[in-house]
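Here's the structure we're looking at; comments come further down.
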Amino acid sequence: MKVAHVVVDVPAMQTDKPFDYRIPEKWEEVIVPGIRVIVPFGPRKVQGFVTGIAEASDHGKLKTISELFDLTPALTDELLKLGQWLTEKTLCFQISAFQAMLPAAMKAKYEKKIVLTGNAEELPFDLAVLFSNTDSLSWDEAQAHDLFSSLQKQMKKGTLEVVYQVKQKGKQKKVRSIEVNGTAEAIETAAREMPPQASRQKAVLDFFIHNGLSPMSAADLKELAGASDASIKSLVQKGLLTEKWVEVYRDPFGHRTFKPTKSMPLTREQESAIAPILSCIEEKRHEVFLMYGVTGSGKTEVYLQAIDRVIREGKEAIVLVPEIALTPQMVDRFKGRFGSMVAVLHSGLSTGEKYDEWRKIQRGEVKLAVGARSAIFAPFQNLGIIVIDEEHESSYKQEENPRYHARDVAIRRAESHSCPVVLGSATPALESFARAGKGVYKLLPLAKRVNERPLPEVSVVDMREELREGNRSMFSRALFEHLQARLERNEQSVLFLNRRGFSSFVMCRDCGFVIQCPNCDISMTYHRQGQKMKCHYCAHEAPMPSSCPECTSEHIRFFGTGTQKVEEELARVLPEARVIRMDVDTTSRKGAHERLLSQFGEGKADILLGTQMIAKGLDFPKVTLVGVLAADTMLHLPDFRSSEKTFQLLTQVSGRAGRHDLSGEVIIQSYSPEHYSIQLAKEHHYDGFFEREMSERKLGSYPPYYFLAVVNVSHPDLLKASGVMENIAQYLKQNTDPYTKILGPVASPIPRIKNRYRYQCMIKYKKDDKLIPVLKKVMDRYQQETAREDLGISIDLNPSSLM
DNA sequence: AGCACGCCGACT
DNA sequence: GTCGGCGTGCTC
């Protein structure tokens, strides 16, 4: 007897282990690790992943696998092991790890149904109606009709039964393909002998004769040959044609053509950066490279040529790009060089499209996957290189379970494939640069820009000074003059502001009341469109009040500036400027992102105004001015990475200016211009920033000097949340290494979100073998309460942000 | 997660 | 005496 170890799709602590099932003899050959199956679990059926095969089980009575869900493993052996590793590194359930590695379309969907098993005539009248022309009824429908008491009687009698159906969310897209039966002559004869009234059928046959006998989709046949469903059907009945359903891929780039590009000659610097990567590929050796190069130093060309080598050796490659940088411009570069060998995976695609791209990888039809974070799980079997562009980006860390960092996964996968990882950035994460300094990663510096253009001139404007001199506008005099100058010279500008909406908060001038979200401890943002107040955390909306809800004063005013307000102000002070605004609110519709960018690229606007999303990857030759309206917005957030993020963002944004023939200028407006993040970004001085920030981290015992873990507790009741957190903190203090620092508990920086109070506790440690098991115990201890009392506990090992 | 089992209060 | 509340524990 063969036994399968199955991890079932029930995300809970007690079910987080393999269960043994008997493999039916007929499937002994088919069922291998990585295949998904449907198994009886308690009273119902669930999906599960086969993680191993054995000859016997320790367990007494075994149930049998009910159904196969895959014919080829959904997860390779390597990915199964990786799942195990993820479970340990992120403290998540095995099933969550497995599901995270697959496209969302492959997640199981459960349908509860009542099916007719006995004779329909035995049913009472009220039920007989519902089962008159079907033998199944959905659970929801039964609920809606309030039929449970009579249903229950029938179930006891055995006329009806409850079944669970396990389905896949996404489907393969299939089209009807029409094939010709028989030789060309046979068809010709048939066409000749067609009765005169069957003109459509004759036309279809003639079409096949003139265009070869290759199969064709029914839709095309209708369009090109004037076929109709009726004519096709009769031809099929006559045995001249056959219908088949074949899988087709949804093609998200179907309507785009890509200009093929060739390798460019490398500069001497690029040569010396690529050489160690290539020898690593040749020697089939694992190594992590940190390619540290300023914007415009040609990192992408190095990636492309290294990948080219990998593909020529018959191996595959993964390229990770931050979600917001996964722009058409970026995709073009890879599609242009590698054409149809590329699969693209990003959030802009529909679930179905993502699934199709994934299938291409699984079937070995492509050699390269370009995508955001989750593309790191691309099911390649023979990886030759993994590239992570802009490796410092926080979007590589998943903020839900499993809370993995794509960089760690990449290194893990590259180890098992004995291949290099290339991390690229102009502003590496402090951890990465520190590791390069210690020789754990190999540093590949690219100091010069390919076109030898100097980095743009950056000036910092002290907005306090502006205010003192009577300028209350959001534009400093310098920025305004420069904007005007670009308009006159017909050059383009990019304005960056890290806040969407109209104003950041609304306050009463008489009593100081600030309008807050009723569900979260955060002020609401006014949105001009629809005159609404919105909460950016829970999406709560409320009308804008005309008077203060507290003191009924009418002096309520907007404070702080969002992109909408800047747009309005621009229209007032520079009426002739054409402005494109890009933020979550203007790009939520599919394709909007791409459309706005191409409009700007075609010169249909003078100013591109936007949030985060315009900071990366954009490369427009006519942009000669970049303005950062408020550089301090994230500088003072209670997060140990806020200086690093500010420096990275400013450097990143500055890189948008003067990338081509025209030289660029950057103006940074700030209320704390003396801060080292801003000063060193102005000088383009990463090394200086690194030194300075490292000493800050050392003082605060933060990474990379210490490892960090954060435990978060949330509950609708404040006392419950703080009480549980207090207990956990006590327990941690008693059971971890004496050198481990347990800080807190404290209320989270945003103490309440979606009506849940949040408390947290921070753990700083250098080496603590007890910590992980202790944290696991904590999860175990509160397991029931998380399920029953709406208690939320999350543990983040190596958090990217403390918010 | 679901679901059954089981032990205490208000009813035919 | 029973029906039904939801606390506890199990699912190969």
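Every chain is numbered from 1 and lettered A, B, ... according to where its sequence line falls, protein lines coming before strand lines. Bear in mind that the values here come from a model prediction, so they are computed numbers and not experimental data. Values below: all heavy atoms of this structure, side chains included; hydrogens, waters and symmetry mates excluded.
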Exercise for the section: Would you kindly give the CD1-to-P distance between A/I95 and B/dA1, to the nearest whole Å? Expected result: 14 Å
Problem - Rounded distance in Å - NZ (A/K63) to P (C/dC12) - result: 4 Å
Exercise for the section: Inspect the contact between A/E431 and A/R641 and indicate whether a charged nitrogen and a carboxylate oxygen are less than 4.0 angstrom apart. Expected result: yes
Exercise for the section: Identify whether a stacking contact exists between A/F19 and C/dC12, where the ring centres must be under 5.5 Å apart and the planes under 30° apart. Expected result: no
Problem - Cation-aromatic face contact A/K17/A/F19, 6.0 Å, 45 degrees - result: yes
Exercise for the section: For A/K17, report the nucleic acid contact type (base, sugar-phosphate, nothing); a contact means any heavy atom under 4.0 Å. Expected result: base
Handout entry: Nearest-Å distance for atom pair CZ/C1', residues A/F93 and B/dA1
Key = 11 Å
Problem - Sugar-phosphate only, base, or nothing, as touched by A/P40 at under 4.0 Å among non-hydrogen atoms - result: sugar-phosphate
Exercise for the section: Before accepting this row, confirm whether a basic side-chain N of the pair A/K770/A/D737 lies closer than 4.0 Å to the acidic partner's carboxylate O. Expected result: no
Handout entry: Parallel, tilted or perpendicular, as decided by the 30° and 60° cut-offs, for the rings of A/Y404 and A/F377
Key = perpendicular
Practice task
Could you check how far CZ of A/R22 sits from C1' of C/dC12, rounded to whole Å?
Solution key: 13 Å
Practice task
Quickly work out the A/D20 CG to C/dT11 C1' distance and round it to whole Å.
Solution key: 13 Å
Exercise for the section: Could you tell me whether A/Y21 contacts a base, only the sugar-phosphate backbone, or nothing, with contacts defined as non-hydrogen atoms closer than 4.0 Å? Expected result: sugar-phosphate
Practice task
Rounded off to whole Å, could you give me the CE-to-P distance for the A/M13 and B/dA1 pair?
Solution key: 11 Å
Exercise for the section: Using whole Å, report how far OH of A/Y110 lies from P of B/dA1. Expected result: 13 Å
Practice task
Please state how far atom CZ in A/R44 lies from atom P in B/dG2, giving the value in whole angstrom units.
Solution key: 5 Å
Problem - A/K61 side-chain N/O to C/dC12 phosphate OP1/OP2 under 4.0 Å - result: no
